Structures are given as structure tokens and as C-alpha cells.
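Below is one structure, written out as C-alpha cells; comments come after it.
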Amino acid sequence: MEAESEPYVRLASLRQLHQAMADMNTARSLADTLQTVADGVVHALGYELACVNLVRPDGDLVVAAFAGNQAAEALITGRVGSRDSWERRLRMGEQWGDLVFIPHTEGWILDDDDVPQWYTDGPAPRFEDEWHPSDRLFAPMYAPGPQGGGNSGELIGVLSVDRPRNGRRPGAWGREALQMYAFQAAIAISNARLRSNMQRALVRLEREQQALRASEESFRQAFEYAPSGMAIAEMGGDQHGRILRSNDALCRLLGRPASAMRRYSFSDLVHPEDIGTLLRTSAEGGRAELRLGRRDGTYVWVSLRNSVVADAADGPRFLLTHVEDIEERKRRELQLAHRASHDSLTGLPNSAELRSRLSARLCQRPQSTLPAAVDAMDAAYGDPVLDSGGHYFDFPPSPESYDAYDHHVHTVAPEDGRDDGTKGLAVLFCDLDGFKSINDRFGHNAGDAVLIEVARRLSGGVRDGDTVARLGGDEFVILADGLGRADAADLAVRLRNEIIQPIRAEGRAVRVGASFGIGWAHCGMTADEVLKSADERMYVEKRSRPKQHRRAG
């Protein structure tokens with residue numbers, strides 16, 4: 001810049017200033033912009049040294065660029081000065097518009113602060129406006145404020161300049177030029193920061209997109225080539241559970257092509273008995289074991305596990321369903337359960353299963369069928385109260401007692417000595433006659449063959465829904481619901497006639513007889529009490545017949 005004493009500014013100086021401003025606004029990066037700002041002070045404004053102090057995110061200022069002296073540049077570039085020290089400098093000295101000038105007469109106070117600085121040597125000034133080596137001149141750079149100018153914005157850095165080439169303190173034009181340059185530098189640095197942030201954001205976005213694409217591809221391969229079934233289904237709305245996508249393993253498991261799978265929801269494929277389990281599982285994700293239908297009409301046991309996933313941050317939610325074939329495990333479990341509840345020789349329900357089925361029909365509600373109890377209740381409380389099974393309560397029932405038994409159908413028994421049309425749960429206790437002699441004469445294999453055949457004949461002689469169980473040894477029990485006394489007696493006769501027919505065992509024909517006792521189950525009894533009653537009646541019936549006629553029936 002030309003001498004400030006000249007009454008005009010040379011056009012060449014304006015061109016240099018304009019070029020410096022253009023260069024710093026076209027730099028490619030933030031680092032290039034900062035260095036261009038420092039170089040422009042030296043090349044266009046006529047100073048020998050220039051330093052750009054940039055505000056860091058923590059508020060302190062770092063020496064980000066230096067121009068004019070390589071030794072000084074290596075000494076202080078990258079060093080940091082605290083914000084407090086810089087604020088102190090910008091508050092003291094002489095205010096030249098937005099510039100701050102601290103003359104050498106006051107600058108000694110700053111010699112020991114932590115602001116990075118350099119030291120220049122030279123003789124003391126010989127005249128009033130001559131530049132002293134210890135003079136300091138700062139040009140704060142503010143981000144443009146709401147009005148677009150001035151220092152109303154945030155401080156983004158400070159320009160430090162030293163040693164004007166003409167040796168004089170800057171005059172009006174020099175001050176105005178430095179202030180204008182600092183303002184334009186602030187705009188250039190702000191823009192460079194925005195570009196840098198945008199570039200970093202774009203790079204980060206591209207990396208995230210690459211990671212997303214890699215993740216999607218990884219998911220696709222894991223989904224498609226998973227050894228167990230996988231499906232994506234809609235969640236919520238009218239189409240809840242509709243299958244959008246299924247992998248090859250699920251299609252093979254159900255014997256259905258992928259194109260056909262998209263026509264179904266899981267509720268279309270699930271076994272009717274398992275629909276409630278499916279609905280509870282798919283509401284908000286979860287796990288369940290249920291049966292899904294194959295194309296050939298059969299069903300396969302699967303472990304179905306749902307996970308709720310979102311398509312995007314605010315996008316729709318879907319159900320990711322993992323389907324594992326557990327048919328073999330379920331078959332083993334059913335076999336174990338069957339073995340635990342059934343007799344290994346005959347395949348009939350065993351004693352534990354018999355008691356379980358019988359107990360499920362009985363409740364322990366206190367009640368009485370004795371006329372004396374009815375009369376006493378009638379005298380004490382007025383009209384007697386009947387329950388749903390035709391029994392009188394021994395005491396006035398409370399509302400709570402009604403609630404406890406509302407959903408139980410009470411088991412009743414026909415009265416002794418007459419057939420009044422009442423239907424009940426008949427318990428037929430069957431004991432084989434002459435079985436021990438077969439075991440003793442022909443061996444246990446022959447005895448086992450007899451037991452197996454008797455079990456088959458008993459099972460074939462009852463209705464669907466009746467229970468034939470082996471209690472142990474040569475004792476069998478039949479549970480037949482909905483029979484009157486005559487019906488139960490007829491059933492016992494038919495079964496005895498079936499049993500006494502010859503049985504092939506170990507290559508020979510043998511015969512056994514059977515004695516039946518008929519008991520009746522009703523609420524208020526335990527399973528053991530019911531079986532004991534039938535057992536006692538069987539022994540009464542066995543003793544009532546001559547020994548020589550028992551096997552023949």
C-alpha cells in the first residue's frame with residue numbers, strides 16, 4: 001500500500017487489495033483460506049508480518065496461519081492463547097474503529113500473558129507517527145451479524161499485523177483498508193467453514209450410505225440364505241400379518257412358492273387351534289410355538305419369533321419373523337408325554353392319567369342330596385335353593401360362591417335303586433377272572449398278549465370320547481359320561497361278552513372272564529373315592545357269582 005501521506009491511492013494498490021479479497025474467497029479449503037488471508041495482508045496491505053488467530057470450539061484462539069517470516073511462522077503456528085488474554089488485549093489500547101492499537105508504551109503489560117507473539121528489533125521512533133517494534137495492531141474478525149455488517153456477530157478470529165513497510169503507523173486509508181479486509185476475511189472464513197462442514201457432512205453421509213448399503217446387502221444375504229425360515233410381514237392396520245417377503249427356507253418348509261406366500265398372512269396359515277397364540281405373539285413381537293399349514297394340507301410345528309423393526313426413523317414398522325422347524329422336537333415331546341400318561345404295554349391311559357381326567361370333571365363344592373338337609377334348610381331359610389345340577393345347597397349361597405362355580409358343569413349321579421332318567425358319569429371297574437392261571441401255565445408273554453387283546457376289545461366296545469384306562473395288573477377302568485343306570489349295566493354286559501371270547505396267545509386259544517363294578521362320579525367326591533366305590537362294587541359282583549361261572553361270564 002502506498003504512503004498514507006499521499007492525497008490519493010494508486011490504482012495498483014486497489015487492484016492488489018481486490019485481488020487479495022478475491023483469492024481468499026476462492027480458496028479450496030479452510031486451511032487455504034486462512035493462509036490466503038495472512039498472505040493478502042502482506043502482499044496487498046503493505047505489512048511485513050501477518051498472523052491469523054482463529055477461535056477454536058472451546059473459545060481459545062490458535063495461530064492458524066502466518067505470513068512474512070518463516071522463522072516466526074515455525075515458532076508460533078499452532079500455539080494457543082486463552083480467550084481471557086485476548087479479551088484483555090481487545091479491551092485496552094486505542095480504538096481505531098473496529099481496530100485495536102496498543103502502543104509500545106502500554107504493551108509491556110502484555111509481555112507475560114499467554115498469547116503467542118513474536119519480537120522484532122529496531123531503533124526507537126525518531127518522530128511521532130513512526131512505528132515502534134513493540135507496537136501492536138489487531139483487527140478482530142466477526143461473523144456477519146443480522147444487519148450484514150459491523151462487529152455485531154460472533155468473534156471468529158483476530159488478525160495481528162506488524163512492521164508496516166513505510167515504517168509509519170497506518171493513516172486513515174490504511175486503517176479503513178485493514179478494517180474492510182478483516183470484515184471480508186471473516187466472511188471468507190465463515191464460508192470456508194460452512195463448505196468444510198458441508199464436505200465433512202457429505203463424506204459422513206456417503207460413508208453412512210455405504211454402511212447402510214453394506215448392511216442392507218448383509219441383511220439380504222442373511223435373510224435369503226438363512227438355514228431356517230424368515231419372513232417380513234406388515235404390522236398394524238387392516239393388513240396386519242400379511243407376508244411381504246419370505247426366504248427360500250420358509251418356502252421349502254411350507255411347500256409354497258414365494259409368489260404364493262405373498263397372498264397369505266400368518267393367520268391364514270396357522271392351525272385353527274393356535275390362532276389365539278399367534279395373535280398374542282404378533283401384537284408387539286414375541287415368541288410362540290404353533291402349527292403352520294403346508295401346501296399338502298398337513299401341519300408342521302414351528303417356533304415363531306417376531307421382532308418389531310422400523311423401515312426408517314419415522315417410517316412404517318414391520319414384523320421380522322423367524323420360523324424354526326421344531327417338528328422333530330415336538331414329536332419327541334409328545335412321545336414322552338404319551339409315555340408318561342399311558343401304559344407301555346397296552347397303550348391305554350395309565351392310572352395317573354385316569355385320575356387326572358376324572359378329577360377334571362369333579363369339584364369339591366359342599367352340597368347335599370339328603371332330604372333331611374333340604375328340610376332343615378327349608379325350615380331355616382324358606383324356599384330351598386337348587387344349583388345347576390339339581391342339588392340343594394347345605395347353606396344359603398353367597399354371590400361369591402355363584403361366581404366361583406358359574407363355569408363348572410356339575411357332575412351328578414342317578415339315585416340308587418331306580419332309574420329316574422338322570423344321566424351321569426359311569427365308572428366301570430373291570431377285573432379279569434382266570435388271568436393268573438394263564439400267566440402261571442403259559443408264561444408272561446401269553447399274559448401280555450391277553451392284556452393287549454382285552455385292551456383292544458374294551459376300546460372297540462365304547463363310544464368316542466369315553467376313556468378306557470389300565471389301572472394296573474389285570475384291572476381296567478372305563479369312564480363313560482351321559483349314561484343312566486340301565487345304560488351302564490348294558491355296557492358292562494356287552495364288554496364282558498367281548499372279553500370272554502377266545503384269545504390267541506402264544507399259538508393257543510385261551511379264555512378269561514371279567515367282573516365289572518359300576519360306580520358313579522359326582523361333585524364333592526375325589527377321584528380316589530370314585531374308584532374305590534367302583535372297586536368295591538366290582539368285588540361285590542365277583543363274589544355274587546359262583547366261581548365256576550366267573551370265566552364264562
Side-chain angles (χ1 to χ4, degrees), residues 220 222-309 318-344 346-349 353 356-357 360 455-456 458-469 479 481:
R220 187 192 67 80
F223 182 91
E224 293 294 341
Y225 302 112
S228 54
M230 301 283 287
I232 297 175
E234 287 194 19
M235 183 175 181
D238 297 337
Q239 298 294 318
H240 180 81
R242 185 174 68 87
I243 298 173
L244 302 175
R245 184 176 175 185
S246 56
N247 71 348
D248 186 59
L250 181 58
C251 294
R252 292 197 310 271
L253 177 64
L254 301 183
R256 304 174 187 270
S259 58
M261 290 290 291
R262 288 192 291 270
R263 297 197 297 265
Y264 297 102
S265 66
F266 278 106
S267 59
D268 299 326
L269 301 174
V270 73
H271 192 284
E273 295 178 1
D274 298 334
I275 187 67
T277 302
L278 174 68
L279 294 177
R280 288 191 297 272
T281 303
S282 62
E284 282 295 337
R287 182 170 185 167
E289 294 183 354
L290 42 76
R291 289 159 289 182
L292 293 180
R294 291 191 176 106
R295 186 179 181 179
D296 60 6
T298 62
Y299 287 89
V300 57
W301 275 101
V302 300
S303 172
L304 187 145
R305 184 170 66 251
N306 285 327
S307 301
V308 180
V309 296
F318 298 92
L319 284 175
L320 176 62
T321 304
H322 177 260
V323 182
E324 182 182 358
D325 183 359
I326 59 170
E327 180 72 19
E328 187 61 31
R329 174 168 68 81
K330 274 293 183 180
R331 183 181 293 110
R332 290 196 301 269
E333 290 177 356
L334 293 174
Q335 289 174 349
L336 290 174
H338 186 272
R339 290 174 185 173
S341 62
H342 287 70
D343 176 50
S344 59
T346 64
L348 297 178
E353 178 66 12
S356 175
R357 295 186 185 185
R456 187 190 68 79
L458 288 174
S459 298
V462 298
R463 303 164 302 176
D464 292 340
D466 291 344
T467 295
V468 178
L479 303 182
D481 201 2

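Since this is a predicted model, take the numbers as computed values, not measurements.
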Please round to the nearest 0.5 Å and tell me the distance separating atom OG of Ser265 and atom CZ of Arg242. 9.5 Å
Minimum heavy-atom distance between Gly293 and Arg256, given as atom pair plus value: O-NH2, 3.2 Å
State, to 0.1 Å, how close Ala226 and Ala249 come at their nearest heavy-atom pair, and which atoms those are. O-CB, 3.6 Å
Rounded at 0.5 Å granularity, tell me how far CH2 in Trp301 sits from CZ in Arg331. 12.5 Å
When rounded to the nearest 0.5 Å, the distance separating CG of Leu253 from CG of Asp248 is 11.0 Å
As an exercise, state the distance from CE of Met230 to CD of Glu224, rounded to the nearest 0.5 Å. 10.0 Å
Looking at Leu319, Asp268, Thr321, Leu269, which one forms a side-chain contact (heavy atoms from CB on, under 4.5 Å) with Ile243? Leu269
Which pair of non-hydrogen atoms, one from Phe266 and one from Ala231, has the smallest distance, and what is that distance? CZ-CB, 3.8 Å
Within a strict 4.5 Å, meaning less than it, do heavy atoms of the Asn306 and Leu304 side chains meet? yes
Determine the minimum heavy-atom distance between Pro257 and Cys251, stating which atoms define it. C-SG, 4.0 Å
Salt bridge or not for Arg305 and Glu324, using N-O below 4.0 Å? no
Can you tell me if Ser341 uses its side chain to pair, donor with acceptor, with the backbone of Ala337 under 3.5 Å? yes
Quick check: does any side chain N or O of Asp343 sit under 3.5 Å from a backbone N or O of Leu348, one acting as donor and the other as acceptor? no
When rounded to the nearest 0.5 angstrom, what is the spacing between CZ in Phe318 and CZ in Arg245? 11.5 Å
Mind checking what makes salt bridge (Lys or Arg N to Asp or Glu O under 4.0 Å) contact with Arg295, not counting sequence neighbours? none
Looking only at heavy atoms, which two atoms of Leu292 and Leu254 are closest? And how far apart? CB-CD2, 3.9 Å
Closest approach of Thr277 to Ala288 (non-hydrogen atoms, all atoms of both residues): CG2-CB, 3.5 Å
With rounding to the nearest 0.5 angstrom, report the CG to CD1 distance, Leu290 to Ile326. 8.0 Å
Is a salt bridge present between Glu327 and Lys330, judged by a nitrogen-to-oxygen distance below 4.0 Å? no
Test item: Asp466 side-chain N/O and Ser459 main-chain N/O as donor-acceptor pair under 3.5 Å: no
With a 3.5 Å distance limit and no angle check, can you tell me whether Asp274 reaches the backbone of His271 through a side-chain donor-acceptor pair? no
